[in-house]
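Notes to accompany the following structure.
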Protein chains: 2
Amino acid sequence: MLMDPQQLRTFVSVVDHRSFSLAARALGYTQSAVSQHIAALEADLDTPLVTRRPVAPTEAGVRLLEHARPLLLRLDAARADIARLRQVHPGRLTLACTPGALTPAVAHAVVRLRTTSPRLAVSVRTCGRGEAVEAVLTGTADLALVDGAAAPSDPLPLPDAGPLTAFAIAQEPLAVLLPATHPLAGRPALRLADLAAARWIEAPDAAVPLSHLRAAAQTDGFGHQLAYAGGDMRGLGTLVAAGGGLTTAALPAARHVPGVAAVPISVPRIVHRVEVLQPRSSTGPAAELSDILRPSQ
Amino acid sequence: MLMDPQQLRTFVSVVDHRSFSLAARALGYTQSAVSQHIAALEADLDTPLVTRRPVAPTEAGVRLLEHARPLLLRLDAARADIARLRQVHPGRLTLACTPGALTPAVAHAVVRLRTTSPRLAVSVRTCGRGEAVEAVLTGTADLALVDGAAAPSDPLPLPDAGPLTAFAIAQEPLAVLLPATHPLAGRPALRLADLAAARWIEAPDAAVPLSHLRAAAQTDGFGHQLAYAGGDMRGLGTLVAAGGGLTTAALPAARHVPGVAAVPISVPRIVHRVEVLQPRSSTGPAAELSDILRPSQ
DNA sequence: CATCCAGTATCAGCAATACTGATGCTCATG
DNA sequence: CATGAGCATCAGTATTGCTGATACTGGATG
């Protein structure tokens with residue numbers, strides 16, 4: 001078979017596990033089958049894809065990985081898209097939210113939905129941006145709410161792994177979070193470019209990724225020595241207060257963090273933006289919630 | 001096999017040909033095999049994908065199509081990406097251009113490249129935006145030049161079917177092309193929104209697609225009764241002069257079209273933009289040309 | 001209403017394939 | 001140089017995927 005998705009899945013698993021045998025265990029194959037999958041791919045593409053001992057992707061393997069992961073995601077997305085057509089009106093609603101997208105307005109909308117549909121089982125989970133997109137695509141979640149930074153009225157730069165409809169439900173000033181003792185903490189506003197050389201915290205799940213800032217400011221910089229994994233925003237605030245580095249947040253949410261000053265960004269024009277992501281044809285409670293959230297025009 | 005690419009290819013072909021037998025002919029299978037492919041897909045996804053007599057995609061089939069085409073394109077792109085690592089044709093350079101991207105500057109760059117590499121065989125072909133992207137992804141072309149309209153310094157809205165590097169090589173005022181006898185033809189500048197209700201020509205290959213205008217102007221409108229297929233810009237100008245409708249072009253290129261007035265757009269801020277598209281790791285003459293074209297900073 | 005025709009579904013049979021389990025080989029390690 | 005962890009290879013077998021023949025179906029025709 002030519003570029004069989006199974007083979008691609010095996011290849012990804014081998015790279016992830018850095019081992020043929022472990023990948024085999026994870027996939028429920030024998031080691032022999034995995035070895036043959038990789039050999040078949042390498043024969044098909046006429047180039048080695050992984051080095052053995054240690055097991056690591058070659059240059060060609062890295063290229064293939066860049067395609068294989070989105071490809072497999074899209075296959076799952078296609079399956080989920082079609083499965084959704086039959087699944088009419090379940091009494092469940094699953095939301096995937098990035099932490100910064102779980103605003104009071106969203107919470108109120110959920111509560112309001114529960115008053116009109118009292119028997120509806122709603123579950124909310126916070127996760128990273130990529131996971132949220134993936135969840136909606138694969139049907140793990142009915143709706144996603146993601147936040148990020150962008151120029152006003154620009155869409156968020158999200159990975160495009162399939163057809164999704166997106167619309168913004170909130171745009172608020174983007175603020176820099178600094179320690180309250182920071183020399184710039186008292187300013188009424190700040191220019192982002194002046195902070196490009198500062199020490200930032202890269203917290204891609206709990207805050208706006210630095211890549212968004214670079215893209216919006218159209219400058220380099222925004223380097224970081226401190227990375228913060230996980231989705232807890234309070235802990236991130238604590239790090240900022242302790243001088244671990246700077247981060248950003250929507251202005252309203254950024255106030256009242258102990259030991260932290262929030263200063264809005266004046267230049268460039270950049271906003272904190274919350275978007276709803278849903279499958280192209282969403283029905284049932286997900287569509288209802290999306291209607292509640294959609295800005296009336 | 002679960003969602004075999006071959007089956008997807010068969011499915012796409014069946015929909016395109018509106019016939020199992022014709023699709024079989026096109027793919028080199030028997031009609032029986034095609035029937036079994038479709039049956040297998042339908043069994044796997046547990047839903048009918050095409051109606052028979054006449055053969056047409058069901059709702060689920062339409063969904064699957066939305067995924068299947070990009071999926072198959074990406075598979076080819078992955079193969080091409082890896083093939084490029086080994087197979088460099090140093091003596092050949094193939095360019096795919098949208099007509100509006102073939103500016104004098106580009107032509108001069110090609111000529112300049114030929115003076116430094118006199119033995120280089122260069123071939124230029126004009127085609128639509130989608131084809132150009134596809135050509136670079138699948139390795140049919142080494143480099144693509146595409147034009148379109150966008151807000152200043154915004155990237156062009158191109159289909160994302162894989163990793164490509166893109167950069168702009170020209171940004172020029174975008175002009176509306178009107179018949180010289182048109183009441184607005186004498187104006188020094190025009191607001192795009194005032195023309196949203198006008199009659200436009202949709203010429204996605206030869207000019208900026210109306211969808212770009214809608215996106216850039218952030219309004220509806222820009223409807224058309226007249227569609228113009230093909231890549232010839234002169235013919236399009238003739239249609240405009242005859243009162244067939246309006247279109248747009250880069251301001252410098254739009255002057256001196258007989259019977260046509262070119263009026264720059266003042267609001268919103270919108271530009272005609274030419275971008276170079278190339279595979280992530282481009283080498284040889286393609287990289288040289290790309291270096292010549294890249295704006296020095 | 002009977003017939004025909006174009007086109008899809010189904011079936012049996014065969015060739016190609018994709019697994020498993022056993023074994024061989026290779027490199028890193030002490 | 002002995003060892004062992006881990007990848008490659010091979011033979012055997014169950015499964016899959018194709019072809020060619022044939023049955024079936026809905027629409028057109030008179």
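Because only heavy atoms are used, hydrogens play no part in the values below, and waters and symmetry mates are left out as well, while side chains stay in. Just so we're on the same page: letters track the sequence lines, and every chain starts at 1.
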Quick one: side chains of residues 133-145 of chain A, donor-acceptor pairs under 3.5 Å with protein atoms, not counting sequence neighbours, listed by atom name and distance.
residue : atom : partner : partner atom : Å
A:T138  : OG1  : A:E134  : O            : 2.8
A:T138  : OG1  : A:T140  : OG1          : 3.0
A:D142  : OD2  : A:T94   : N            : 2.7

Worksheet entry | Separation of D:dT16 C1' from B:D44 CG (nearest whole Å) | 15 Å

Item to complete: Check whether any side-chain heavy atom of A:L2 lies under 4.5 Å from a side-chain heavy atom of B:P5, and answer yes or no.
Response: no

Worksheet item: OP1 or OP2 of D:dC18 less than 4.0 angstrom from a side-chain nitrogen or oxygen of B:Y29, does that happen here?
Response: yes

Practice prompt. Round to a whole Å and report the spacing from CZ of A:R18 to C1' of D:dC7.
Written response: 17 Å

Fill in: Pair A:R79 + A:D76: basic N to acidic O under 4.0 Å
no

Discussion item. Under 4.0 Å, heavy atoms only, any strand: does A:S21 hit a base, just the sugar-phosphate, or nothing?
Written reply: sugar-phosphate

Worksheet item: Between A:Q7 and A:Q31, who's closer to the 5' end of DNA chain C by nearest nucleotide?
Response: A:Q7

Practice prompt. Measure from CZ on B:R52 to C1' on D:dC24 and round the result to the nearest Å.
Written response: 14 Å

Practice prompt. Look at all strands and tell whether A:V55 reaches a base, only sugar-phosphate, or nothing, counting heavy atoms closer than 4.0 Å.
Written response: sugar-phosphate

Worksheet entry | B:D81 bridged to B:R280 by N-O distance under 4.0 Å | no

Item to complete: Considering only heavy atoms of chain A and a distance under 4.0 Å, specify the first and last nucleotide of DNA chain C in 5' to 3' order that meet this criterion.
Response: C:dA18 to C:dC27

Discussion item. Looking at A:L158, is its backbone amide N or carbonyl O close enough to the side chain of A:R129 to form a donor-acceptor pair, meaning the two atoms are under 3.5 Å apart?
Written reply: no

Worksheet item: Could you give the CG-to-P distance, from B:L27 to D:dT19, as a whole number of Å?
Response: 11 Å

Item to complete: Would you check if there is a donor-acceptor pair between the side chains of A:T10 and A:Q6 at a distance under 3.5 Å?
Response: no

